[in-house]
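Below, read A as the first sequence line, B as the second, and so on, with proteins coming before strands; counting in each chain starts at 1. Bear in mind the structure is a predicted one, so any value in this text is a computation, not a measurement.
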2 protein chains.
Amino acid sequence: MSRPASPPPSDRRQELAEQATDHVLAHGLIGLSLRPLARAIGTSDRMLLYHFADKGDLVATVLRLANDRSVDGLAALPRSSGPSAAVHDLWAALSSSPLLGYVRVYVEASALGLLGEEPYAGVVAESNRSWYAALAAHLRESGVPDHLADRATGLVDACVLGLLLDLPLGERDAGHRERRTAVVADLAATVAALSEAPSGD
Amino acid sequence: MSRPASPPPSDRRQELAEQATDHVLAHGLIGLSLRPLARAIGTSDRMLLYHFADKGDLVATVLRLANDRSVDGLAALPRSSGPSAAVHDLWAALSSSPLLGYVRVYVEASALGLLGEEPYAGVVAESNRSWYAALAAHLRESGVPDHLADRATGLVDACVLGLLLDLPLGERDAGHRERRTAVVADLAATVAALSEAPSGD
DNA sequence: TGGGTGTTGTAGCGGTTGCTACATTCGAGC
DNA sequence: GCTCGAATGTAGCAACCGCTACAACACCCA
């Protein structure tokens with residue numbers, strides 16, 4: 001109430017939020033604490049709590065920023081040559097920088113919000129909507145018929161999120177990497193088949 | 001070296017591990033700390049660190065236990081009447097107690113291990129293997145041909161994990177729940193189609 | 001009966017956490 | 001020039017963290 005939570009999105013606050021987001025991308029969200037973060041971005045915990053109402057306010061701001069960036073990155077994807085290519089291109093983009101970082105933060109936030117803890121659960125719910133819309137737009141632009149885009153988006157979203165959750169496993173297990181590419185291929189084929197069928201199923 | 005990390009899996013250690021697992025299922029893994037955990041299960045942090053080498057040892061034990069229970073639960077599923085039903089039954093089982101709790105802990109552990117932090121990353125890698133095998137067994141028993149079980153398992157595993165990550169969103173968004181059931185249906189249809197095709201794709 | 005050995009309680013260490021009280025600096029408007 | 005408010009530094013609070021030193025039990029074996 002006393003400190004400006006959002007009223008004046010002062011330049012300094014915005015700048016700190018950007019830097020904090022970069023730091024979270026590099027070091028993760030789960031263990032985040034104010035003093036190391038402040039040290040890393042060249043300020044003090046005191047100043048973070050001056051520009052943000054509390055840690056939750058800062059975290060929520062960072063999460064929204066990361067989501068904005070990832071939605072922008074998704075929107076900037078060139079349209080693919082068809083539904084199958086759209087899935088392959090999407091996975092290629094999401095599994096490498098910079099989008100990978102953003103989605104990883106989303107996964108961390110989801111895990112933190114699994115039991116309903118705020119601000120994680122709330123911001124994840126917000127983010128999901130815009131993310132979902134951007135994903136659907138990409139699929140539509142790439143040839144998925146409008147009336148099926150929603151179904152395809154749900155399938156792709158779930159699959160991709162699940163793959164990302166186990167992404168680190170591929171670093172030590174070649175078999176896991178192979179299975180992953182097979183899943184992407186099967187998913188692409190499914191979306192393509194769905195898009196070509198006159199009626200769903 | 002001094003304290004028994006694993007040599008004598010004393011009854012007391014085992015009992016504490018079971019109780020700690022129950023507590024983690026109810027209160028989450030991410031914020032876990034020794035003193036509240038000890039208080040909740042009727043012992044002291046001192047005793048936890050007597051029976052377990054350190055917090056990491058305890059966490060690893062809990063994660064393995066949770067994974068064992070979830071694999072057992074998966075193995076106990078009655079065989080379904082076909083590949084499509086197998087997916088529906090699987091989702092029904094995973095999205096409700098007790099399996100839901102175990103998978104939720106797995107998701108938390110994956111998030112904690114996203115940046116390679118131990119013991120999370122290591123145990124998640126272990127768990128993934130046995131979990132994957134159990135999932136494949138269920139699909140095979142339910143009519144997915146052997147030579148396609150691996151592909152189907154990868155697809156189902158990724159999808160289901162992704163759906164579970166966003167499960168809480170359904171509690172405040174009816175539209176999200178609808179999309180979820182659609183995804184499960186599409187996934188079931190995909191697995192069924194995959195199982196009936198003479199050659200994949 | 002005495003001495004281990006395995007288990008537990010008490011107390012505390014050094015460090016970190018989010019957050020705040022207080023004092024200071026600085027720059028813009030009267 | 002002076003004041004006033006926004007921005008920043010210093011210091012510290014109370015709580016918590018993982019972990020450990022030390023002492024006290026209880027029990028079995030000699």
message: Just verifying a value: how many Å separate A:Leu32 CG and A:His23 NE2, rounded to the nearest 0.5 Å?
response: 7.5 Å
message: For a quick test of reading the model: is some side-chain N or O of B:His51 closer than 4.0 Å to OP1 or OP2 of C:dG6?
response: no
task: Send over the distance from A:Leu49 CG to D:dT8 C1', rounded to a whole Å.
output: 13 Å
query: Rounded to whole angstrom units, what separation is found between the CG atom of B:Leu16 and the P atom of C:dT7?
result: 11 Å
field: Rounded distance (Å) that lies between atom P of C:dT17 and atom CD1 of A:Ile30
entry: 16 Å
- request: Can you establish whether the number of heavy atoms outside B:Arg177 located under 6.0 Å from its atom CZ is more than 12?
  value: yes
- prompt: CE of B:Met47 versus P of C:dT8: gap in Å, rounded?
  reply: 4 Å
- prompt: What is the distance from CZ of A:Arg12 to C1' of D:dG9, rounded to the nearest Å?
  reply: 14 Å
- prompt: So which nucleotide from D:dT8, C:dG9, C:dC19 ends up closest to the side chain of A:Arg35?
  reply: C:dC19
query: What nucleic acid atoms does B:Ser44 come within less than 4.0 Å of, heavy atoms only: base, sugar-phosphate, or nothing?
result: sugar-phosphate
query: Could A:Arg13 and A:Glu18 be called an ion pair, given the rule that one side-chain N must be under 4.0 Å from one carboxylate O?
result: no
- prompt: Is there a side-chain polar atom (N or O) of A:Ser33 under 4.0 Å from OP1 or OP2 of C:dT16?
  reply: no
query: Quick one: which of D:dC19, D:dT10, C:dG18 gets closest to the side chain of A:Arg46?
result: D:dT10
message: On the six-membered ring of A:Tyr132, is B:Arg179 placed so that its NZ or CZ lies under 6.0 angstrom from the centre and within 45° of the ring axis?
response: yes
field: Five-pair end axes of the helix from C:dT1-D:dA30 to C:dC30-D:dG1 and the angle they enclose, rounded to 10°
entry: 20°
- request: Rounded off to whole Å, could you give me the NZ-to-P distance for the B:Lys55 and D:dC16 pair?
  value: 15 Å
- prompt: So how far is it from B:Glu141 CD to B:Ser80 OG, rounded to the nearest 0.5 Å?
  reply: 9.5 Å
- line: Regarding the side chain of B:Asp45, the nearest nucleotide among D:dC19, C:dG9, C:dG18 is D:dC19
query: At under 4.0 Å between heavy atoms, what does A:Asp54 touch on the DNA or RNA strands: base, sugar-phosphate, or nothing?
result: sugar-phosphate
query: So, B:Ser130 versus B:Asn67: side-chain donor-acceptor pair below 3.5 Å or not?
result: yes
field: Touch class at under 4.0 angstrom, heavy-atom based, for A:Leu32 against every strand present
entry: sugar-phosphate
- request: Please report the C-alpha distance between B:Asp166 and A:Tyr106 in whole Å, then the side-chain angles of each, then the deciding distance to 0.1 Å, and finally whether the side chain to side chain donor-acceptor pair (under 3.5 Å) criterion is met.
  value: CA-CA 11 Å; B:Asp166 279 341; A:Tyr106 176 82; 3.0 Å; yes
- request: Specify the separation, in whole Å, of atom CG of B:Leu37 and atom P of D:dC19.
  value: 13 Å
- request: Please state how far atom CZ in B:Phe52 lies from atom P in D:dC19, giving the value in whole angstrom units.
  value: 13 Å
statement: Against the side chain of B:Tyr50, the closest entry in C:dT10, C:dT7, D:dG12 is C:dT7
